[in-house]
Amino acid sequence: KMILSSLREKGNKWTKNFMNTPDILMDSKKTDKDAVEVTIMIAVPSTDQWSAQFGMALAGVMFYLAQVPVLPHVRRQQVIMLNRRSSMLSQSRESLFDEAVERGATHMVMFDSDMTFPDDTIHQLFKHNRTFVGANYVRKIIPASPVTAAIGGGLIFTDEFSSGIEEVLHIGFGVALLRMEDVKDMPSPRFAMQWDEKLKCYSGEDVFFCKKLAEQGIPVYVDHDLSHQVTHVGTYNYDHSVVGEVVDTPLAEELGEANA
C-alpha cells in the first residue's frame, strides 16, 4: 500500500507537470532549426537483485522523463532501459556501451543498482552540456570517503559549501551521464580493471575509463548540487553527512562494508 500510494502521488504530480509541458515533446511537427532528437539509454549493470530503494528511484526518473523534456528544444525524446546481470561488472559495462552505440543512443545514463537519486537526476546532468558528468557519492564504509579523485591528487569532498560542477580526475559510475557522440569510436577495452603495483590492489573500471577519456582530451566533471541528493544503499544509506564520521551504534562494525 505504501508503494502504490507513493507511485500515485508521483503520478499526480507529474500529470500536473505534463499539462504544462511544451508540445514539442510530443513528436511535434514544428519546424525549429534548434530542435533536437534525444535518445537516452539508461544502463544498469547488476547481479540478480536490485535494492528496493533503487527501484523506486528509477521509477521516479522514468516517470519524470516521460513528462518533462531534458532540454528546452527537444523535438523527440526516446528512452531505452537496459539491465545486464552478471558478476563481471567490467563485462556488463562493455556490453551496455556497445548496445548504446548500436541503438544510436545520443546519451547513456549510468545507474548502479545500489544508488538512490532524485526524480530529475538526468535533467540536472543534461543542463551542464558536458561529455561526462556525474555525482560524487561515498563508499559504503564508516568512516565514509568520497569516490571522486582530484586532478592534483587526493579526494574531492562534497560538503555544505560545495556547489556547481568541478573538473576532476575520475568519478564513480553510480550516477553519471555520458554523451555518446564524443566516445562512440573508443576501442575496447574501455572498462578494464588494472593492477596498481604501488597500492597493491586493483583499480576499478571507472578509473580506467576516465583515463581513456583523458587520453582523448575529454575532461570529467562532478556535479556537487546533485551529489547532495544521492545516497549509496547498503546496511545504511551512505551520504556525505557521514564522511569522516563514526556512527555510535552497536551496528557500527557491521557498517564497514567492503564493497564501494
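All of these numbers come straight from a predicted model, not from anything done at the bench.
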Original post:
Would you say the side chain of I42 lies within less than 4.5 Å of the side chain of L65, judging by non-hydrogen atoms?
Top reply: yes

**OP:** Could you state whether F173 and M193 fall into the same hydrophobic cluster, counting links through intermediate Ile, Leu, Val, Met, Phe, Trp or Tyr residues with side-chain heavy atoms under 4.5 angstrom apart?
**Re:** no

**OP:** In sequence, state the C-alpha distance, the side-chain angles, and the governing distance for H107 and V38, and then conclude on side chain to side chain contact (heavy atoms under 4.5 Å, CB included).
**Re:** CA-CA 8 Å; H107 297 78; V38 176; 4.2 Å; yes

Subject >> Value rounded to 0.5 Å, distance of CE in M41 from CD in Q78 >> reply: 12.0 Å

Original post:
Is there a side-chain contact between F132 and I171 (heavy atoms, below 4.5 Å)?
Top reply: yes

Original post:
To the nearest 0.5 Å, what is the distance between CG (D114) and OH (Y238)?
Top reply: 11.0 Å

Original post:
Side-chain heavy atoms under 4.5 angstrom apart, residues restricted to Ile, Leu, Val, Met, Phe, Trp, Tyr: same cluster for V36 and I122?
Top reply: yes

Original post:
What about L125 and Y137, same hydrophobic cluster or not, with Ile/Leu/Val/Met/Phe/Trp/Tyr joined at side-chain heavy-atom distances under 4.5 Å?
Top reply: yes

Original post:
How about V183 and F97: do any of their side-chain heavy atoms sit closer than 4.5 Å?
Top reply: yes

Original post:
Taking the side chain from H123 and the backbone from V68, do they hold a donor-acceptor pair closer than 3.5 Å?
Top reply: yes

Could you tabulate the donor-acceptor pairs under 3.5 Å formed by side-chain atoms of residues 207-222, not counting sequence neighbours?
unit_1: K212; atom_1: NZ; unit_2: P189; atom_2: O; d: 3.4

**OP:** Would you please classify the geometry between the F117 ring and the F111 ring as parallel, tilted or perpendicular, with 30° and 60° separating the classes?
**Re:** parallel

**OP:** List the steps and the verdict of salt bridge (Lys or Arg N to Asp or Glu O under 4.0 Å) for D223 and K127.
**Re:** CA-CA 11 Å; D223 180 337; K127 71 182 181 182; 5.7 Å; no

Original post:
Between M81 and L58, which heavy-atom pair has the shortest distance, and what is it?
Top reply: SD-CD2, 3.5 Å

Original post:
Do you know which two heavy atoms are closest between A100 and M180, and how far apart they sit?
Top reply: CB-CE, 3.9 Å

Subject >> Cluster overlap V133 with L71, hydrophobic side-chain contacts below 4.5 Å >> reply: yes

Subject >> Separation of H224 NE2 from T148 OG1 (nearest 0.5 Å) >> reply: 8.0 Å

Original post:
Is S163 reaching over with its side chain to a backbone N or O of D225, donor-acceptor style, under 3.5 angstrom?
Top reply: no

Subject >> Test item: F54 and V233 side chains (from C-beta on) under 4.5 Å apart, heavy atoms >> reply: no

Subject >> Q124 and P118, any side-chain heavy atoms less than 4.5 Å apart >> reply: yes

**OP:** Answer yes if I165 and I156 sit in the same cluster of Ile, Leu, Val, Met, Phe, Trp and Tyr residues linked by side chain heavy atoms under 4.5 Å apart, and no otherwise.
**Re:** no

Original post:
Given a cutoff of under 4.5 Å between side-chain heavy atoms of I, L, V, M, F, W and Y, with clusters grown through shared members, what are the other residues clustered with M88?
Top reply: none

Subject >> Residue pair N136 / V147, side-chain heavy-atom distance below 4.5 Å >> reply: yes

**OP:** Using salt bridge (charged side-chain N to carboxylate O under 4.0 Å, His left out) as the criterion, point out the one residue from R84, R93, R190 that pairs with D98.
**Re:** R190

Subject >> Residue pair A43 / L96: nearest heavy atoms and the distance that separates them >> reply: CB-CD1, 3.8 Å

Subject >> Euclidean distance, D120 CG relative to L226 CG, rounded to 0.5 Å >> reply: 8.0 Å

Original post:
Just by distance, do the side chain of S203 and the backbone of Q194 share a donor-acceptor pair under 3.5 Å?
Top reply: yes

Subject >> N83 side-chain N/O to V44 backbone N/O, donor-acceptor pair under 3.5 Å >> reply: yes

**OP:** Would you name the heavy atoms of H240 and S227 that are closest together and state the gap between them?
**Re:** CD2-O, 3.4 Å

Subject >> Exam field: side chain T47 to backbone S87, donor-acceptor pair closer than 3.5 Å >> reply: no

Original post:
Which atom pair, heavy atoms only, marks the closest approach of F63 to Q67?
Top reply: O-CG, 3.1 Å

Original post:
Going by heavy atoms in the side chains, are I80 and E99 under 4.5 Å from each other?
Top reply: no

**OP:** Give, for atom CZ of F126 and atom CG of L177, the distance between the pair rounded to the nearest 0.5 Å.
**Re:** 5.5 Å

Original post:
Nearest 0.5 Å, what's the CD1-CD distance between I40 and Q77?
Top reply: 5.0 Å

Original post:
Which pair of non-hydrogen atoms, one from L169 and one from A150, has the smallest distance, and what is that distance?
Top reply: CB-O, 3.5 Å

Original post:
Pairs in or reaching into residues 159-179: which pass salt bridge (charged side-chain N to carboxylate O under 4.0 Å, His left out), with residues at least two apart or in two chains?
Top reply: R179-D182

Original post:
Is there a donor-acceptor pair closer than 3.5 Å between any side-chain N or O of R139 and the backbone N or O of P146?
Top reply: yes

